[in-house]
Amino acid sequence: MAKPFFRLQKFLRRTQFLLFFLTAAYLMTGSLLLLQRARVALPQGPRAPGPLQTLPVAAVALGMDLLDSRASREPRVSPDVLLGVDILHSPLARPRPGPRWLRSRNSELRQLRRRWFHHFMGNTQGPSAPGPEVPRPAAHSQGTYLGCFSDEGQERTLKGAVFYDLRKMTLSHCQDACAERSYFYAGLEAGAECYCGNRLPAVSVRPEECHQECKAEKGSVCGGVGRLSVYRVQELQPGSRKRKSATYRGCFRLPENASHAFPDSLIQANVTVDTCAGFCSQNEFPLAILRGWECYCSYPTPQFNLRDGVDGTLCGQEPEAQQQGPYGQVYQTPVQDTRCTDRKFLPSKSKVFVALSSFPGAGNTWARHLIEHATGFYTGSYYFDGTLYNKGFKGEKDHWRSRRTICVKTHESGRREIEMFDSAILLIRNPYRSLVAEFNRKCAGHLGYAADRNWKSKEWPDFVHSYASWWSSHVLDWLKYGKRLLVVHYEELRGSLVPTLREMVAFLNVTVSEERLLCVESNKEGSFRRRGRRPHDPELFTPEMKGMINGYIRTVDQALRDHHGAGLPREYVPR
């Protein structure tokens with residue numbers, strides 16, 4: 001009898017402790033929620049006071065089971081937009097928490113749950129709750145807001161320049177970029193995408209369908225999913241860069257029967273360069289060709305690829321005489337060639353797992369830009385770089401094993417990391433330039449140059465001694481453990497872009513048109529050219545550093561010759 005009684009007593013003691021622990025946890029959670037409610041407010045623009053007070057964002061999301069681990073990989077949507085509920089400003093003079101507030105809390109939660117239910121079931125269960133307030137066009141914007149337009153379908157509504165800023169997009173940022181490139185209209189989509197064009201979209205939709213705020217400008221409308229908030233660009237904002245002008249490309253032989261070879265033309269007396277470039281820009285062509293009083297607009301094509309220029313004097317005759325000749329002056333307009341700017345994830349998982357491997361500073365980001373525009377598919381990354389993601393490399397945030405990208409960037413060089421991939425493009429660059437580029441990135445980011453104090457400090461020689469050997473071991477490991485390799489030298493890609501890129505695309509088993517490759521050539525620089533002042537000292541490497549690096553160059557050169565018969569380019573090897 002004593003034994004069962006002892007067990008019952010032990011069970012009651014444990015139950016008592018458990019109840020005490022749960023009660024304490026409940027009270028602590030309630031206290032935290034009350035404190036959070038007293039402090040958190042989500043401004044949504046001026047609204048009339050309503051019956052609901054601001055609710056804790058985390059409490060709402062957790063209570064509705066809406067926080068998902070996968071959500072961090074998609075563009076963030078504010079909880080009020082997701083739930084379709086009105087979240088109002090907290091009063092400036094908040095009442096102190098008291099019994100009346102505590103009694104009203106359950107009523108507020110019941111209303112919140114009711115509105116959430118109507119948001120999903122309103123089409124069949126009666127009228128739904130009013131949606132979130134649509135952000136309004138900012139009053140300080142110098143452009144004229146024209147409305148909300150559809151951007152769905154096979155082709156873009158605004159077909160001009162495209163760029164992204166997934167963290168700092170504002171109305172003025174987009175409008176300035178479009179005005180700088182001589183576009184008339186700027187369209188913002190999904191809070192972070194900017195599209196430019198010279199033709200107003202044809203399909204308008206309801207204003208409330210453009211409901212997303214700009215990423216860096218709360219209260220300003222920046223479109224929605226498949227929806228463009230379109231502004232007419234009036235002038236550049238104060239402090240922005242000057243409007244770009246046409247750039248002379250040279251004198252070229254024109255195709256026979258130019259009026260049929262080029263898509264658009266303007267023929268009038270006394271036509272000037274500005275007139276021709278303006279006409280072609282308005283019609284969204286990147287090339288303006290002037291022959292006498294004839295103006296032609298075009299894209300680079302296989303028949304007119306701008307690779308075989310002729311003596312400029314052949315285009316320097318009088319307009320009447322030049323009009324009879326086969327040569328024309330070619331100008332690059334500020335308009336971007338957009339035939340290759342569309343990108344997406346692979347429609348199905350790739351069967352071949354491909355790496356884009358390089359030593360840091362070897363031009364991997366630039367190579368990714370070329371590959372994405374040539375193939376039309378995003379590239380992935382073994383790492384996550386927020387700067388690259390913010391600028392439009394959307395595959396940067398996708399898991400590197402998802403196989404939804406055409407290839408995956410990596411700087412890894414161990415056997416295990418290499419053998420995970422079925423094949424790889426191995427990008428190699430002169431170690432002297434690679435070391436300088438990577439040191440610049442470490443000190444000043446992707447677009448800057450390291451300051452003079454960085455080069456003169458002990459940091460630079462320490463960096464060279466630790467990284468130079470990595471340049472060598474990276475190439476040697478991939479040659480040893482890589483299953484299927486395409487070796488690409490940065491210098492050859494820079495000097496012979498289209499043939500080298502064609503070889504890379506074929507290695508990735510993607511078929512692309514010659515027009516798309518020529519479009520990539522027109523947009524080859526991308527958005528990652530370094531700006532600023534280069535270091536003063538032209539000689540950054542000491543004799544000791546050169547002796548060490550040259551030894552690594554000879555080792556890699558011999559390994560490449562043993563692997564597939566061709567060594568490093570001549571400029572790598574010490575003479």
Enquirer: Taking salt bridge (charged side-chain N to carboxylate O under 4.0 Å, His left out) as the definition, give me every residue that meets it alongside Asp264, ordered by chain and number, with sequence neighbours left out.
Expert: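 Residues passing salt bridge (charged side-chain N to carboxylate O under 4.0 Å, His left out) with Asp264: none at all.
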Enquirer: Go through the structure and list residues passing ring-ring contact (aromatic ring centres under 6.0 Å, His included) with Tyr432, not counting sequence neighbours.
Expert: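 Listed in chain order: Phe541.
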Enquirer: Checking Asp274 now: which residues fulfil side-chain hydrogen bond (donor to acceptor under 3.5 Å, both in side chains) with it, not counting sequence neighbours?
Expert: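 Listed in chain order: nothing, the list is empty.
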Enquirer: Name all residues meeting the disulfide (SG to SG under 2.5 Å) criterion together with Cys443; count only those two or more places apart in sequence or in a different chain, and write none if there are none.
Expert: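 Disulfide (SG to SG under 2.5 Å) check on Cys443 returns nothing, list empty.
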Enquirer: Mind checking salt bridge (charged side-chain N to carboxylate O under 4.0 Å, His left out) for Glu521 and listing every partner two or more places apart, or none if nothing turns up?
Expert: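 By the salt bridge (charged side-chain N to carboxylate O under 4.0 Å, His left out) rule, Glu521 matches Arg307.
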Enquirer: Cut-off 3.5 Å, no hydrogens considered: what does the side-chain donor-acceptor table look like for residues 497-508, sequence neighbours left out?
Expert:
unit_1: Thr500; atom_1: OG1; unit_2: Ser496; atom_2: O; d: 2.8
unit_1: Arg502; atom_1: NH2; unit_2: Glu514; atom_2: OE1; d: 3.3
unit_1: Arg502; atom_1: NH2; unit_2: Glu514; atom_2: OE2; d: 2.7

Enquirer: Of all residues at least two apart in sequence or in a different chain, which pass the side-chain hydrogen bond (donor to acceptor under 3.5 Å, both in side chains) check with Gln329?
Expert: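 Checked Gln329 against side-chain hydrogen bond (donor to acceptor under 3.5 Å, both in side chains); zero matches.
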Enquirer: Taking salt bridge (charged side-chain N to carboxylate O under 4.0 Å, His left out) as the definition, give me every residue that meets it alongside Arg516, ordered by chain and number, with sequence neighbours left out.
Expert: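 So Arg516 forms a salt bridge (charged side-chain N to carboxylate O under 4.0 Å, His left out) with Asp342.
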Enquirer: How about Pro326 and Arg253: do any of their side-chain heavy atoms sit closer than 4.5 Å?
Expert: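 Answer yes - side chains close enough.
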Enquirer: Could I get the full list of side-chain hydrogen bond (donor to acceptor under 3.5 Å, both in side chains) partners for Ser348, not counting sequence neighbours?
Expert: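 Here no residue qualifies.
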Enquirer: List in chain and number order the residues that pass ring-ring contact (aromatic ring centres under 6.0 Å, His included) with His411, two or more places apart in sequence or in another chain; answer none if no residue qualifies.
Expert: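 Applying ring-ring contact (aromatic ring centres under 6.0 Å, His included) to His411 gives Tyr383.
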Enquirer: Check side-chain hydrogen bond (donor to acceptor under 3.5 Å, both in side chains) between Thr170 and all other residues, then give those that pass, not counting sequence neighbours.
Expert: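 Testing Thr170 for side-chain hydrogen bond (donor to acceptor under 3.5 Å, both in side chains), a comparison that skips the adjacent residues, returns Ser172.
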Enquirer: List the residues meeting ring-ring contact (aromatic ring centres under 6.0 Å, His included) with Trp366, not counting sequence neighbours, and say none if there are none.
Expert: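 Trp366 satisfies ring-ring contact (aromatic ring centres under 6.0 Å, His included) with Tyr490 once adjacent residues are dropped.
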